[in-house]
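Here is the structure we will look at, set down as structure tokens.
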Amino acid sequence: MIHVTLPDGTVNEYAVGITCAEVITDAIGKKHGCLAAKVNGAQCDLSTALDMNCSVEGILSESDEGIHILRHSAAHLLAQAVMELYPGALPTIGPAIDRGFYYDFAMDPLAEGDLKAIEKKMQELARRNFTVERVELSEGELRDHFAHNPYKIEIIDDKLEDGDGSTIYKQGEWYDLCLGPHVPNTSRLMFIKLTSVSSAYWRGDQEREQLVRIYGLVEPTKDALKATLRRMEEAKKRDHRKLGKDLQLFHIDEDVGQGLILWTPRGAVIRQELQDFISSHLRRQGYQHVFTPHIGKLDLYRTSGHFPYYQESQYPPLVERELMKKLADEGCTCGELSNLMKTGEIDGYMLKPMNCPHHVKIYASQPRSYRNLPLRLAEFGTVYRWEQSGEISGMTRVRGFTQDDAHLFVTENQIEAEVLGCIELVQIIFNVLGMTDYRVRVGLRDPDSTKYVGDPSRWEQAEHACRTAAESLGVEWSEEEGEAAFYGPKIDFVVKDVIGREWQLGTVQVDYNLPERFDLTYKGNDGELHRPVMIHRAPFGSMERFCGVLIEHFAGKFPTWLTPTQCHIITISEKHKAYAARVADELRELGVRVEVDDGDDTVGKKIRTHRKLQPAYMVILGDGEMEHETVSLRARNGDQIADISLEQFKQDLLTEIGEKHSQPSLVPATE
RNA sequence: GCCACUGUGGCUUAGUUGGUAGAGCAUCUGAUUCGUAAUCAGAAGGUCGGGAGUUCGAAUCUCCCCAGUGGCUCCA
């Protein structure tokens with residue numbers, strides 16, 4: 001007999017060999033709804049037999065672990081369905097992911113339209129209610145089972161120690177190499193939806209085979225699936241690419257170029273407000289603004305190491321006119337030109353991929369003493385990178401972008417305080433914008449690798465500084481070994497867009513490399529020359545990406561201080577034109593962004609029109625308002641307040657803008 | 001860059017088996033002067049993403065580009 005401890009603490013006695021399913025049924029009844037179980041905290045199938053004293057706990061489909069198992073099992077079902085419909089396909093891997101599951105197949109490309117048939121087949125297989133069975137096999141047996149599938153064999157080669165066996169999961173005729181656990185039978189997988197088909201490289205390696213990847217969703221109930229699909233529809237509506245167009249925030253023109261953002265007047269307001277806001281905090285923190293040009297000599301980037309090592313991600317260099325002409329006359333080919341540049345035989349200019357070399361040169365432009373440090377140079381610097389065409393997307397992945405960049409030149413023992421300062425800035429701004437849903441990655445070195453510059457004890461110190469800083473934020477953060485840049489550890493801020501894709505925004509990076517490459521020095525209090533350390537930091541990454549994320553964060557409903565037009569004045573009839581002009585003037589005098597509609601549409605029509613641009617307030621002016629020098633306000637949600645005095649409104653509005661309230665709040669909510 | 005899909009006036013879109021484009025909104029012109037999500041009437045606006053080809057004839061079929069969408073790799 002064995003003793004089994006249940007989650008509520010009770011201990012039951014059972015015969016050896018009893019399964020998890022039986023234990024759970026015994027404890028809470030037949031309709032327990034569990035998908036799998038945990039024995040001593042480790043996940044396993046419901047069919048797992050128990051042979052010693054242990055604790056047992058059921059995993060419900062509603063839990064994070066449960067939904068993960070459901071997704072993983074749905075991936076198997078997908079593979080089973082694809083194999084029935086396309087017998088020549090080879091299944092490779094099919095994991096659960098954050099938002100569902102996918103499975104990669106080596107097969108002829110599928111079209112989106114093929115998904116319906118596969119989905120139908122999956123539902124049919126689910127209904128047939130196959131038992132999902134775990135089978136342990138020896139290495140030899142595994143190799144026999146998957147002899148026809150080189151991908152599975154590769155996994156066996158990589159993941160298994162010589163001589164070790166592993167498990168497969170069978171449902172009907174179909175089986176897959178897998179550790180599990182899985183749902184007990186396929187009837188749990190009725191509520192699925194295949195969402196897209198795309199391609200992926202085997203093991204994410206561009207050099208290797210291209211596979212067909214099918215993405216899908218699964219939920220435990222029909223309602224949950226419906227709700228998820230509805231949520232996805234809702235999310236689409238706040239996509240910054242759609243809102244950017246509706247709200248006239250930015251424009252991308254194919255005649256200008258892929259991934260090049262044109263900030264239209266309304267979007268430019270948002271960017272300018274953000275930059276002003278950031279700048280005010282930079283001044284407070286002792287930063288100094290600088291301006292540097294968009295290009296620099298190739299040699300500069302040879303010294304910094306950007307050229308030719310990152311050549312793939314840069315625009316090709318610009319060559320001086322005379323030189324270009326001479327080379328062309330000599331019959332020089334593009335390939336030869338490129339080689340001459342690489343070897344340094346000829347010079348040219350590069351569109352800057354980063355701001356640091358220019359800032360380094362400002363540092364080096366005069367002798368520095370320890371008394372000058374930390375030197376903090378800030379610039380909203382526009383940089384250009386050659387992103388792969390398939391990667392470019394809206395404002396979040398572009399080829400020209402403006403970083404809220406700064407470089408701090410510090411002494412060794414100033415690192416920690418300065419990194420903390422950078423973090424503080426991020427925190428302030430995220431708080432004001434109400435962005436709480438971000439995570440922090442601390443990239444540390446891989447102690448076994450030799451690719452890093454700088455000596456280990458200094459790394460130790462810098463990594464400690466990064467950890468301390470991340471800790472101080474009070475949000476989710478993770479240490480990621482091997483994710484440091486070769487030149488120093490870093491802290492990255494990551495947010496999700498409405499589709500659930502993660503984007504890196506800000507970054508703080510400690511750098512021992514550039515000061516070395518540019519031979520930067522400062523004179524210490526010992527009279528000797530010392531090497532400063534650099535900190536690169538762009539708390540928001542780029543204005544483009546940050547605004548893109550922000551549009552989605554606010555769903556286009558920006559707080560009053562940020563929204564492109566704060567008040568839209570709407571007249572009831574022609575009689576009120578003059579009063580409208582006066583109100584508009586008085587507000588503009590205070591720096592408020594105002595738009596006036598005194599046209600001859602009906603009031604309803606005007607409201608409908610202006611609603612689309614999401615001003616903080618619509619100011620309605622008619623007889624009553626004109627007579628009493630008041631205004632009536634309409635909020636975005638349709639709530640209204642009538643006849644508040646113009647003076648009062650001006651005052652309240654200025655307070656709301658000045659204090660950067662999170663949302664317009666001058667119209668009290670009517671239930 | 002690779003795979004799949006998409007591309008019709010500023011926006012949203014109709015266009016059946018190939019017979020040289022329809023609509024709504026926006027715009028402009030009149031009329032209307034109106035109290036909180038579309039007042040009425042009229043006009044103008046498209047080489048159907050670009051180029052080449054098949055055909056008597058192409059928005060519709062073929063090929064090549066360009067751009068967008070969803071992914072793969074990297075990154076702000």
Side-chain angles (χ1 to χ4, degrees), chain A residues 102 104 108-115 195-215 236 239 241-242 245-246 248 251-255 257-259 310 312-313 353-355 381 383 385-398 400-405 485 492-494 499 501 503-507 509 536-546 548-549 570-577 598-612 618-625 632-635 637-642:
Chain A
Y102 68 80
D104 286 349
D108 291 332
L110 290 177
E112 207 102 334
D114 299 324
L115 294 183
T195 51
S196 69
V197 54
S198 65
S199 78
Y201 297 100
W202 171 235
R203 305 204 137 176
D205 185 346
Q206 241 184 89
E207 302 300 308
R208 307 207 52 183
E209 300 87 323
Q210 189 146 299
L211 307 171
V212 172
R213 173 172 295 183
I214 300 172
Y215 283 89
K236 260 193 207 157
D239 188 314
R241 290 165 298 192
K242 174 167 170 40
K245 195 177 271 179
D246 292 349
Q248 302 162 22
H251 172 66
I252 300 169
D253 195 295
E254 49 175 296
D255 289 338
Q258 232 191 337
Y310 296 104
E312 290 303 294
S313 55
M354 288 185 159
N355 299 305
V383 298
R385 297 185 191 172
W386 187 263
E387 295 291 346
Q388 299 192 83
S389 64
E391 265 312 314
I392 288 167
S393 171
M395 293 184 110
T396 41
R397 174 69 111 268
V398 295
F401 56 94
T402 303
Q403 296 179 308
D404 58 321
D405 209 359
D492 290 332
F493 302 90
V494 181
I499 314 184
R501 289 177 296 201
W503 298 103
Q504 183 181 318
L505 289 180
T507 181
Q509 306 184 359
H536 308 247
R537 46 105 284 180
F540 308 102
S542 79
M543 298 315 293
E544 283 76 6
R545 182 177 288 180
F546 189 68
V549 169
I570 288 173
T571 54
I572 300 291
S573 83
E574 238 167 36
K575 290 180 285 184
H576 315 114
K577 264 189 170 179
D598 56 7
D600 45 14
D601 282 330
T602 59
V603 178
K605 180 56 188 284
K606 289 188 205 176
I607 284 170
R608 190 184 165 85
T609 303
H610 290 268
R611 234 179 67 83
K612 290 184 183 146
M618 280 192 236
V619 180
I620 316 286
L621 303 179
D623 285 341
E625 290 79 6
S632 294
L633 300 179
R634 186 183 204 278
N637 62 2
D639 284 345
Q640 303 162 28
I641 179 170

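Residue numbers begin at 1 in each chain, while the letters A, B, ... track the order of the sequences.
A distance of 11.5 Å separates CG of Asp104(A) from CD of Glu209(A), quoted to the nearest 0.5 Å. Here CD1 of Ile252(A) is found 8.0 Å from OG of Ser393(A). Values are rounded to the nearest 0.5 Å.
Comparing U39(B) with A21(B), their P atoms are spaced 33 Å from each other, to the whole Å. A distance of about 13 Å separates the P atoms of U8(B) and U47(B), rounded to the whole Å. Across C66(B) and C28(B), the matching C1' atoms stand 33 Å from one another, rounded to whole Å. Comparing U16(B) with C56(B), their P atoms are spaced 23 Å from each other, to the whole Å. For the P atom pair drawn from A26(B) and G42(B), the interatomic distance equals 16 Å after rounding to whole Å. G71(B) and A38(B) are spaced 37 Å apart, taking the P atom of each and rounding to whole Å. Between G49(B) and U13(B), the two P atoms lie 14 Å apart (nearest whole Å). Atom name P, nucleotides G68(B) and U12(B): the rounded distance is 15 Å, in whole Å.
In terms of modelled atom types and a separation under 3.5 Å, the side chain of Arg545(A) and the main chain of Gln504(A) share a donor-acceptor contact. Distance alone, capped at 3.5 Å, is enough to place a donor-acceptor pair between the Glu544(A) side chain and the Thr402(A) backbone. One N or O on the side chain of Lys606(A) and one on the backbone of Gly599(A) form a donor-acceptor pair closer than 3.5 Å. With hydrogens and angles ignored, the 3.5 Å screen pairs a side-chain donor or acceptor of Arg537(A) with a backbone N or O of Asp404(A). Checking side-chain atoms of Ser196(A) against main-chain N and O of Tyr215(A) turns up no donor-acceptor pair under 3.5 Å. Side-chain atoms of Arg385(A) come within 3.5 Å of backbone atoms of Pro353(A) as a donor-acceptor pair (strictly under, hydrogens ignored).
The partner of U62(B) is A52(B), by the rule that a Watson-Crick or G-U pair needs both atom distances under 3.5 Å. Base pairing of G22(B): its partner is U13(B), meeting the Watson-Crick or G-U wobble criterion (both donor-acceptor distances under 3.5 Å). The nucleotide G70(B) finds its pairing partner in C3(B), both defining distances of the Watson-Crick or G-U wobble pair being shorter than 3.5 Å. As the counterpart of U27(B), A43(B) is assigned, both hydrogen-bonding distances of the Watson-Crick or G-U wobble pattern falling under 3.5 Å. In this entry A38(B) has no Watson-Crick or G-U wobble partner, no candidate having both defining distances under 3.5 Å.
Considering only the side chain of Ile572(A), C34(B) comes nearest among A37(B), G70(B), C34(B). Proximity note for Ala200(A) (side chain, C-beta onward) versus C72(B), C66(B), A37(B): the nearest is C72(B). Proximity note for Asp600(A) (side chain, C-beta onward) versus U33(B), A76(B), A37(B): the nearest is U33(B). Here the side chain of Gln388(A) is nearest to one of G1(B), A76(B), U33(B), namely G1(B). Listed nucleotides A76(B), U33(B), G70(B) differ in distance to Arg545(A); the shortest reach to its side chain belongs to A76(B). Taking every side-chain heavy atom of Glu387(A) into account, A76(B) is the closest of A76(B), G70(B), G68(B).
Among the protein residues, Gly204(A) comes within range of the sugar-phosphate backbone only, with heavy atoms under 4.0 Å from sugar or phosphate atoms but none that close to a base. Tyr215(A) comes within 4.0 angstrom of sugar-phosphate atoms only, judged by non-hydrogen atoms across all strands, and of no base. At a threshold of 4.0 angstrom between heavy atoms, the contacts of Glu625(A) include nucleobase atoms, whether or not backbone atoms are also involved. The residue Gly604(A) sits close only to the backbone: its heavy atoms come under 4.0 Å of sugar-phosphate atoms, none of a base. Heavy atoms of Val603(A) sit under 4.0 angstrom from primed sugar atoms or phosphate atoms, though from no base atom. Across all strands, Leu211(A) comes closer than 4.0 Å to no nucleic acid atom at all (heavy-atom distances). Residue-level contact check: Asp601(A) touches the bases, meaning some heavy atom is under 4.0 Å from a base atom. Note on Ile620(A): a base of the nucleic acid sits closer than 4.0 angstrom, heavy atoms only. Nucleic acid contact for Val212(A): none, since no nucleic acid atom lies under 4.0 Å from a heavy atom of the residue. As judged by a 4.0 angstrom heavy-atom cut-off over every strand, Ile570(A) is placed among residues making no nucleic acid contact. Nucleic acid contact for Gly638(A): none, since no nucleic acid atom lies under 4.0 Å from a heavy atom of the residue. Using a 4.0 Å heavy-atom criterion, one finds that Ser632(A) contacts the bases of the nucleic acid, with or without backbone contacts as well.
Contact of Gln248(A) with G10(B) (side chain to base): no donor-acceptor pair of N or O atoms is detected under 3.5 Å. A donor-acceptor contact under 3.5 Å is not formed by the side chain of Arg608(A) with the base of C25(B). The base of G71(B) does not come close enough to the side chain of Tyr201(A) for any donor and acceptor atom to sit less than 3.5 Å apart. One can find a donor-acceptor pair under 3.5 Å joining the base of G71(B) and the side-chain atoms of Ser199(A).
Position along RNA chain B of the nearest nucleotide to Leu110(A) versus Lys575(A) favours Leu110(A) as the more 5'-ward residue. In terms of position on RNA chain B, the residue among Asp492(A) and Leu633(A) whose nearest nucleotide sits closer to the 5' end is Leu633(A).
Here C72(B) presents its P atom at 18 Å from CD of Glu207(A), a figure rounded to the nearest Å. Regarding Phe401(A), its CZ atom lies at a distance of 8 Å from the C1' atom of C75(B), rounded to whole Å.
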Assess whether side chain to side chain donor-acceptor pair (under 3.5 Å) is satisfied between Ser632(A) and Glu625(A), documenting all intermediate values.
CA-CA 7 Å; Ser632(A) 294; Glu625(A) 290 79 6; 2.5 Å; yes
Stepwise salt bridge (Lys or Arg N to Asp or Glu O under 4.0 Å) check, Arg203(A) with Asp205(A):
CA-CA 5 Å; Arg203(A) 305 204 137 176; Asp205(A) 185 346; over 6 Å; no
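Between Arg241(A) and U69(B) there is a side-chain N or O to OP1 or OP2 distance below 4.0 Å. Phosphate contact (OP1/OP2 of U36(B), side-chain N/O of Gln640(A), threshold under 4.0 Å): absent. Listed pair Gln210(A) / C2(B) fails the phosphate criterion, with no side-chain N or O lying under 4.0 Å from OP1 or OP2. Note on Lys605(A): a side-chain N or O is less than 4.0 Å away from OP1 or OP2 of A26(B). At C74(B), none of the side-chain N or O atoms of Gln504(A) fall inside 4.0 Å of OP1 or OP2 (strictly under the cut-off). In this model, the phosphate group of G70(B) is not approached by any side-chain N or O of Arg213(A) to a distance below 4.0 Å at OP1 or OP2. The phosphate of G1(B) (OP1 or OP2) has a side-chain N or O of Ser389(A) nearer than 4.0 angstrom. Applying the 4.0 Å criterion to OP1 and OP2 of U39(B), one finds that Thr602(A) has a side-chain N or O inside that range.
The ring of Phe540(A) does not lie on top of the base of A76(B); it is either too far (5.5 Å or more) or too tilted (30° or more).
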